[in-house]
Amino acid sequence: MQDLDVAFRNKLALDWIEIREVSSASLLDELTELLDPGEAEAIVLATELPADLLLIDEIKGRAVATKMGLSVIGTLGALAEAKKKNYITAVKPVIDVLINQCGFWIKPSLVERVLKSVNEQY
């Protein structure tokens, strides 16, 4: 199983991505009782680094991270910021890929609200 994990990490490795392990196993265990393991690990790592901003979408995870003093942003918020800073030209095509090809579920009213905020049509 560990070989699979290494192979998976190597496949995903890009030169601008740095993979890190958390140090605080006790905090990780505590948060894993409340959240999914990936969310818990992201929050612990964000506190250890410390991170300027944590990308997290789940409401419960966002609430825990905020309560711990972390600044959070969701995927759609990050896309809106990317458009505002001219890193991408449109948000809707990215959302369409996330929904249709990546299996994201996003509440339609949230998609509509984000698209309106960046002057795009739903």
Atom [atom1] of [X] and atom [atom2] of [Y]: how far apart are they, to the nearest 0.5 Å?
| X | Y | atom1 | atom2 | result |
| --- | --- | --- | --- | --- |
| Arg62 | Leu55 | CZ | CG | 8.5 Å |
| Glu33 | Leu35 | CD | CG | 10.5 Å |
| Lys107 | Arg113 | NZ | CZ | 8.5 Å |
| Leu98 | Asp96 | CG | CG | 9.0 Å |

Would you say Trp105 and Ile99 make side-chain contact, with heavy atoms under 4.5 Å?
-> no
Test item: Leu28 and Leu31 side chains (from C-beta on) under 4.5 Å apart, heavy atoms = no
Considering non-hydrogen atoms only, spot the tightest contact between [X] and [Y] and give its length.
| X | Y | answer |
| --- | --- | --- |
| Ser24 | Val44 | O-CG1, 4.1 Å |
| Ala46 | Leu54 | CB-CD1, 4.2 Å |
| Glu21 | Glu48 | O-OE1, 4.3 Å |

Same cluster or not: are [X] and [Y] linked, directly or through other Ile, Leu, Val, Met, Phe, Trp or Tyr residues, by side-chain heavy atoms under 4.5 angstrom apart?
| X | Y | result |
| --- | --- | --- |
| Leu110 | Val118 | yes |
| Ile88 | Ile106 | yes |
| Val97 | Val111 | no |
| Val94 | Tyr122 | yes |

Any Lys/Arg nitrogen of Glu120 or Lys83 sitting under 4.0 Å from an Asp/Glu carboxylate oxygen of the other?
-> yes
Look at atom CG of Leu49 and say whether more than 12 heavy atoms of other residues, nucleotides or ligands are closer to it than 6.0 Å.
-> yes
Asn100, CG atom: more than 12 neighbouring heavy atoms under 6.0 Å | yes
Enumerate donor-acceptor pairs with a distance under 3.5 Å from any side-chain N or O in residues 68-82 to protein atoms, sequence neighbours excluded.
{"from": "Thr75", "atom 1": "OG1", "to": "Asp57", "atom 2": "OD1", "distance (Å)": "3.3"}
{"from": "Thr75", "atom 1": "OG1", "to": "Asp57", "atom 2": "OD2", "distance (Å)": "2.5"}

Check whether any side-chain N or O of Lys60 sits under 3.5 Å from a backbone N or O of Leu34 as a donor-acceptor pair, and report yes or no.
-> yes
Look at the side chain of Glu58 and the backbone N and O of Glu39, then say whether any donor-acceptor pair between them is shorter than 3.5 Å.
-> no
